[in-house]
Amino acid sequence: MFADIPTADATVQLDTGFAALGLSEPVLKALVEKGYTTPTPIQEQAIPIVLMGRDVLGCAQTGTGKTAGFTLPMLDILSGSRARARMPRSLILEPTRELALQVAENFVQYGKHLKLTHALLIGGESMSEQKEVLTRGVDVLIATPGRLIDIFERGGLLLSDVRVLVIDEADRMLDMGFIPDVERIVAMLPPLRQTLFFSATMAPEIKRLADAFLSNPKEISVSKPASVATTITEGLALVATHDKREALRRLVRTEDVQNALIFCNRKRDVDILYKSLTRHKFSAGALHGDMPQSARFATLEKFKAGEIRLLVCSDVAARGIDIGGLSHVFNFDVPHHAEDYVHRIGRTGRAGLEGRALTLATPEDRLAVEAIQKLTGHAIPPLAVEGLDPVDWAEVDSRGRRRSRGGKGASPPRAEKASKSAAPRRVEAAVQPAVDEMQLKATRQDPRRSSERMRGDRRTDTAREPRRDREMRGLENRDSVIGFGADIPAFMQIRRRTAVVRMETPSRNEGGDHNDGTEIAA
DNA sequence: AAAAAAT
């Protein structure tokens, strides 16, 4: 322990890269004890600015060290004085309960040598307990929007003393329809305050919010440095609907799965698949938004600790939580929104190591797969499941009905039988989200709540392929797609040469091609 | 057609 180290050495010990950023001794001490000595680029840039009291507009995603980038300086800002009852001095808004909990854990860890208090205001847990903590006075309030507004309206909270506001993951807030809530909350805060605003992307709607909330902000933009760029190998297994669970089990057995998220589209299917996997003796857990909060946190902890190897989940885990270092992501269901595919598979790919993102698709999923491929700009390489016959998509129409065979436009004869060991194509860092989300947001700038959006025009712009039927028949250019013989579905061939995409960090200032992964635009 | 977040 640190306490055992002689004082002279302790001074040397504390003299890490963080000390140069102006953090106080108690915070540095906590960092050393956690074993952190070198700040990440965003920490290096953000910490001095936050300590200065300036507003920050941060373009950064999870995994960049963003959370410590604002918690560390906030601890120092707040450590000067004490909070009064029901009047928190800082507020951190998070889109999901899991992220809120993670931030709270950060505060506890880094603030262990300071006498600061925090409250975690999230749904699904007893409100009376949270109110009690508030009454005692808290320095840091970490909250999801719904519960915060609820408690505020019940009079359990005064926000007039909030000096520092953090809006984290603003783009996720937008996706989840929280922006009206966030605007309401910000309106309750004193106008004279420091605001830190973070988002993985800066879509126009996000930019509009930032302009409204921030005054003269310092813009900070970072992405993961190229050296830790991950490699994600994608694969698409075409299976019959009744074979899906069997196919998944076979893939899990044949792949070198360390730990994996398995995504389903529906919560009830999460439950069903979880039970099925457990029956088949797999180490599995389940996670979706209808589960009790305690179970959500407990399962997540077990999964992170390696006690559970497979986590069956809904899209709550696609964006709402931060789990690093996955060897695999499985899409048990093809996501209905192409953007969700990118978010899901972006969960795999460990720093410098290979991650595999494998999707099970049935004939009914064809349109959804086409939409994904249109969005990512490359075909997902086909993957054969050992011991299962691949489904021939050419014989099924988009709604999964069998086409009549032997007629005029019948499929060409098969040249070869499917190979059993098709290897998925390697995709270099196909999902560095900083870039992909930029593309995504371009298609999603509608400020309305997602439920409204759904009913509106969004559905009509899903990839529609008028030439589809023609292309399903006579196919050209059927080189090197393993596992399909001559019957390669047309959509698998679109722009295949773009399948290898080397991701570059987008530069804030157009034309600036100097980019080492860290960059400040003033 | 579904998921998240407030009850």
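Letters A, B, ... mirror the listed sequences (proteins, then strands); counts begin at 1.
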**Complete:** Applying ring pair (Phe, Tyr, Trp, His ring centres under 6.0 Å) to Phe330(A) and not counting sequence neighbours gives His328(A)
**Message:** Can you pull out the residues from residues 138-155 of chain A that lie within a 4.0 Å heavy-atom distance of DNA chain B?
**Reply:** Thr144(A), Gly146(A), Arg147(A)
**Neighbours of DNA chain B within residues 284-300 of chain A, by heavy-atom distance under 4.0 Å** = His288(A), Gly289(A), Arg296(A)
**Request:** State whether Thr96(A) places a side-chain N or O below 4.0 Å from either non-bridging phosphate oxygen (OP1 or OP2) of dA5(B).
**Result:** no
**Message:** Going by side chain to side chain contact (heavy atoms under 4.5 Å, CB included), name the residues that satisfy it together with Asp211(A), two or more places apart in sequence or in a different chain.
**Reply:** Lys207(A)
**Message:** Just verifying a value: how many Å separate Leu248(A) CG and Leu310(A) CG, rounded to the nearest 0.5 Å?
**Reply:** 7.5 Å
**Asked** Does any N or O donor sit under 3.5 Å from an N or O acceptor when you compare the side chain of His336(A) with the base of dA1(B)?
**Response** yes
**Request:** Kindly say if Arg97(A) contacts the phosphate of dA6(B), meaning a side-chain N or O under 4.0 Å from OP1 or OP2.
**Result:** yes
**Prompt:** Glu125(A) has an atom CD; how far is it from atom C1' of dA5(B), in whole Å?
**Reply:** 14 Å
**Partner residues of Glu105(A) under the side-chain hydrogen bond (donor to acceptor under 3.5 Å, both in side chains) criterion, sequence neighbours left out** = none
**Prompt:** Under the side-chain hydrogen bond (donor to acceptor under 3.5 Å, both in side chains) test, which residues partner Glu169(A), sequence neighbours left out?
**Reply:** Lys66(A), Arg172(A)
**Item:** Sequence-distant partners of Phe198(A), ring pair (Phe, Tyr, Trp, His ring centres under 6.0 Å), two or more places apart
**Value:** Phe70(A)
**Request:** Please state how far atom CG in Asn265(A) lies from atom P in dA4(B), giving the value in whole angstrom units.
**Result:** 12 Å
**Message:** Whole angstroms only, please: what is the CG-P distance between Asp365(A) and dA2(B)?
**Reply:** 14 Å
**Message:** By the 4.0 Å heavy-atom rule, please label Pro335(A) as base, sugar-phosphate, or nothing.
**Reply:** nothing
**Prompt:** Do Val162(A) and Arg89(A) come within less than 4.5 Å of each other through their side chains, counting heavy atoms only?
**Reply:** no
**Rounded distance in Å - CD (Glu339(A)) to P (dA3(B))** = 16 Å
**Separation of atom CG in Asp333(A) from atom P in dA2(B), rounded to whole Å** = 11 Å
**Residues in side-chain hydrogen bond (donor to acceptor under 3.5 Å, both in side chains) contact with Arg184(A), at least two apart in sequence or another chain** = Glu153(A)
**Asked** What is the distance from CZ of Arg266(A) to P of dA1(B), rounded to the nearest Å?
**Response** 10 Å
**Fill in**
Between CD of Glu94(A) and C1' of dA4(B) the distance, given in whole Å, is 14 Å
**Prompt:** Quick one: salt bridge (charged side-chain N to carboxylate O under 4.0 Å, His left out) partners of Arg245(A), sequence neighbours excluded?
**Reply:** none
**Asked** Side-chain donor or acceptor of His337(A) under 3.5 Å from a matching atom on the base of dA1(B)?
**Response** yes
**Message:** Without decimals, in angstroms, what is the distance between Asp269(A) CG and dA2(B) C1'?
**Reply:** 11 Å
